[in-house]
Colleague: 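The structure that follows is given in the form of structure tokens.
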2 protein chains.
Amino acid sequence: MGQTRIQRTKIAVICEAALDVFSTHGYRGTTVDQIARAAELSKPNLLYYFPSKEAIHTHLLNQLMDTWLDPLRELDHTGDPLSEILTYVRRKLAMSRDMPRESRLFANEILQGAERIGPALSTELKPLVDDKARVIAEWMHAGRLRASDPHHLLFSIWSLTQHYADFDVQVRAVLGPEVDDPFPEAEAYLVTMFTRMLSV
Amino acid sequence: MGQTRIQRTKIAVICEAALDVFSTHGYRGTTVDQIARAAELSKPNLLYYFPSKEAIHTHLLNQLMDTWLDPLRELDHTGDPLSEILTYVRRKLAMSRDMPRESRLFANEILQGAERIGPALSTELKPLVDDKARVIAEWMHAGRLRASDPHHLLFSIWSLTQHYADFDVQVRAVLGPEVDDPFPEAEAYLVTMFTRMLSV
DNA sequence: GTGTCCTTTGACCGGTTGGTCAAAAGGTTG
DNA sequence: CAACCTTTTGACCAACCGGTCAAAGGACAC
């Protein structure tokens with residue numbers, strides 16, 4: 001809508017700062033002052049751009065839902081089944097590597113009961129998942145993919161890939177300081193896993 | 001130590017209440033009043049048994065670390081490799097079903113940077129994991145298990161099983177109201193997955 | 001330059017937070 | 001009963017919380 005240049009840039013700065021803070025402290029654990037400090041703004045100035053703390057959080061979550069579902073949307077029923085799944089796995093893992101804050105924001109929200117994003121799970125996520133699960137089921141039925149529960153297959157892709165963002169601290173603590181980037185190993189492991197799981 | 005009968009029971013009640021609240025709101029999102037109300041105690045009375053909010057949280061986390069690692073400790077290098085892994089998977093999944101609050105407490109802590117439990121990851125978790133990873137590597141080397149990265153294999157077991165506790169809301173939203181217990185399906189899926197992944 | 005609108009700020013507010021304290025209530029032992 | 005220790009409580013506190021507001025400061029078109 002009718003936005004000033006200043007508004008556009010400041011709102012972007014605030015979202016960036018808020019993502020930082022919300023993703024590491026959760027909604028309740030975050031204070032407006034923290035966000036303001038991170039955005040290098042005074043608190044009233046921040047509240048000039050967003051009406052409330054909750055508005056910032058909601059804004060972030062809504063933006064996120066879209067980008068979060070993008071890789072799944074691109075799963076193409078006309079493509080090669082195994083390649084499509086592996087591409088999806090690789091993209092989700094890349095998102096964990098490149099957007100760990102977004103992953104943690106989402107994880108925090110779900111973990112704490114999804115009070116704010118709950119409805120979108122039923123109205124946005126479920127229909128998309130049901131659709132793609134049907135595609136996968138057809139692939140399996142046609143003998144192009146080894147049979148298993150499509151919904152749980154998708155759950156397993158989410159959990160395995162997001163784990164490397166959400167539990168990053170634990171992964172690094174276990175692998176030790178000599179491994180400074182777990183993602184190449186992780187990708188190799190996940191490709192192996194889903195290939196063995198699904199190839200006929 | 002020298003504990004009264006009243007002290008023992010009250011401390012147990014407080015821990016139970018605190019687990020409820022901490023696991024659904026995170027550390028910062030939890031108030032002492034909330035815990036006190038859940039424990040049916042007045043706030044000063046609660047603080048008579050624990051010196052601070054943080055003390056309760058730390059106490060919970062320390063207790064948790066032990067029970068959390070139990071299933072992994074029982075992985076027996078003299079047993080049948082695949083059965084041992086599958087037993088471990090089933091036990092971890094059962095813990096997600098029966099102790100979802102503990103799982104979420106742990107997830108909250110790791111997700112938010114593991115500021116309180118961080119050291120224990122290196123001193124308690126890593127040595128145990130390294131030891132068991134060595135056992136698994138030997139099984140693979142002996143041709144009794146299909147080869148893959150043992151550390152990432154353990155990560156995958158954790159992420160897949162804990163997902164059903166930590167992301168319970170999302171799982172139920174996606175599966176819809178007609179599925180009232182996702183765990184039987186989940187167990188079947190995970191057994192299939194690790195069997196295909198590991199059996200020679 | 002001047003008027004207008006957008007942006008920023010310091011001071012402030014009512015409510016909540018984690019935590020203290022002195023005193024009261026309760027239990028146990030002689 | 002009396003002395004002693006454990007447990008419970010209401011009143012209270014300083015710090016912090018999310019959010020408001022009037023007024024000052026800038027940007028920009030004319």
Side-chain angles (χ1 to χ4, degrees), chain A residues 1-62 105 108-109 112-113 115-117, chain B residues 1-62 105 108-109 112-113 115-117:
Chain A
M1 311 304 156
Q3 274 191 350
T4 317
R5 174 180 40 89
I6 296 182
Q7 278 176 349
R8 256 191 306 277
T9 61
K10 287 288 168 72
I11 285 176
V13 169
I14 292 170
C15 285
E16 181 68 15
L19 179 58
D20 248 31
V21 185
F22 276 132
S23 68
T24 52
H25 296 295
Y27 178 74
R28 291 234 247 169
T30 295
T31 72
V32 178
D33 265 315
Q34 268 180 295
I35 303 174
R37 224 175 299 130
E40 294 183 300
L41 256 50
S42 66
K43 187 170 60 169
N45 198 182
L46 188 154
L47 289 166
Y48 168 73
Y49 291 101
F50 283 93
S52 69
K53 172 183 165 183
E54 182 151 20
I56 309 175
H57 193 250
T58 303
H59 182 80
L60 246 39
L61 242 32
N62 288 343
L105 179 73
N108 260 308
E109 172 65 10
Q112 304 189 1
E115 288 174 31
R116 281 158 267 272
I117 215 181
Chain B
M1 313 305 153
Q3 274 190 348
T4 319
R5 173 181 39 87
I6 296 183
Q7 277 175 349
R8 258 192 305 277
T9 61
K10 287 289 168 77
I11 285 176
V13 169
I14 291 171
C15 285
E16 180 69 15
L19 180 58
D20 247 31
V21 186
F22 277 132
S23 68
T24 51
H25 296 295
Y27 178 73
R28 292 233 245 166
T30 294
T31 72
V32 178
D33 264 315
Q34 267 179 297
I35 303 174
R37 222 174 302 130
E40 294 183 300
L41 257 51
S42 65
K43 187 169 62 169
N45 198 184
L46 188 154
L47 289 165
Y48 167 74
Y49 291 101
F50 284 94
S52 69
K53 172 183 165 183
E54 180 149 22
I56 308 175
H57 192 249
T58 303
H59 182 80
L60 245 39
L61 243 30
N62 288 343
L105 180 73
N108 260 308
E109 172 66 10
Q112 304 190 1
E115 288 172 31
R116 283 160 262 272
I117 215 180

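Heavy atoms only: backbone and side chains are in, while hydrogens, waters and symmetry mates are out. By convention in this document, chain letters (A, B, ...) are assigned in the order of the sequence lines, proteins followed by strands, and residues within each chain are numbered from 1.
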Colleague: What string of B, S and - do you get for nucleotides 7-17 of chain C, 5' to 3', when a contact is any protein heavy atom under 4.0 Å?
Modeller: BBBBB-----S

Colleague: Tell me every residue that passes salt bridge (charged side-chain N to carboxylate O under 4.0 Å, His left out) with A:R116, counting only those two or more places apart in sequence or in another chain.
Modeller: A:E54, A:E109

Colleague: What side-chain donor-acceptor pairs closer than 3.5 Å can you find for residues 39-46 of chain A, not counting sequence neighbours?
Modeller:
residue, atom, partner, partner atom, Å
A:S42, OG, A:N45, N, 3.3

Colleague: Suppose we screen for salt bridge (charged side-chain N to carboxylate O under 4.0 Å, His left out). Which residues come up paired with B:R28, at least two apart in sequence or across chains?
Modeller: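 With sequence neighbours excluded, B:R28 shows a salt bridge (charged side-chain N to carboxylate O under 4.0 Å, His left out) to no residue whatsoever.
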
Colleague: Which pairs pass salt bridge (charged side-chain N to carboxylate O under 4.0 Å, His left out) with one or both residues in residues 12-21 of chain B, sequence neighbours excluded?
Modeller: B:E16-B:R101, B:D20-B:R101

Colleague: Rounded to the nearest Å, what distance is computed from the CD1 atom of residue B:I56 to the C1' atom of nucleotide C:dG18?
Modeller: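 The answer, rounded to whole Å, is 11 Å.
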
Colleague: Please give, in whole Å, the distance from D:dT9 P to B:L47 CG?
Modeller: 13 Å

Colleague: Using the test side-chain contact (heavy atoms from CB on, under 4.5 Å), find all partners of A:E115 that sit at least two apart in sequence or belong to another chain.
Modeller: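 Partners of A:E115 by the side-chain contact (heavy atoms from CB on, under 4.5 Å) criterion, ordered by chain and then number, come out as B:H25.
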
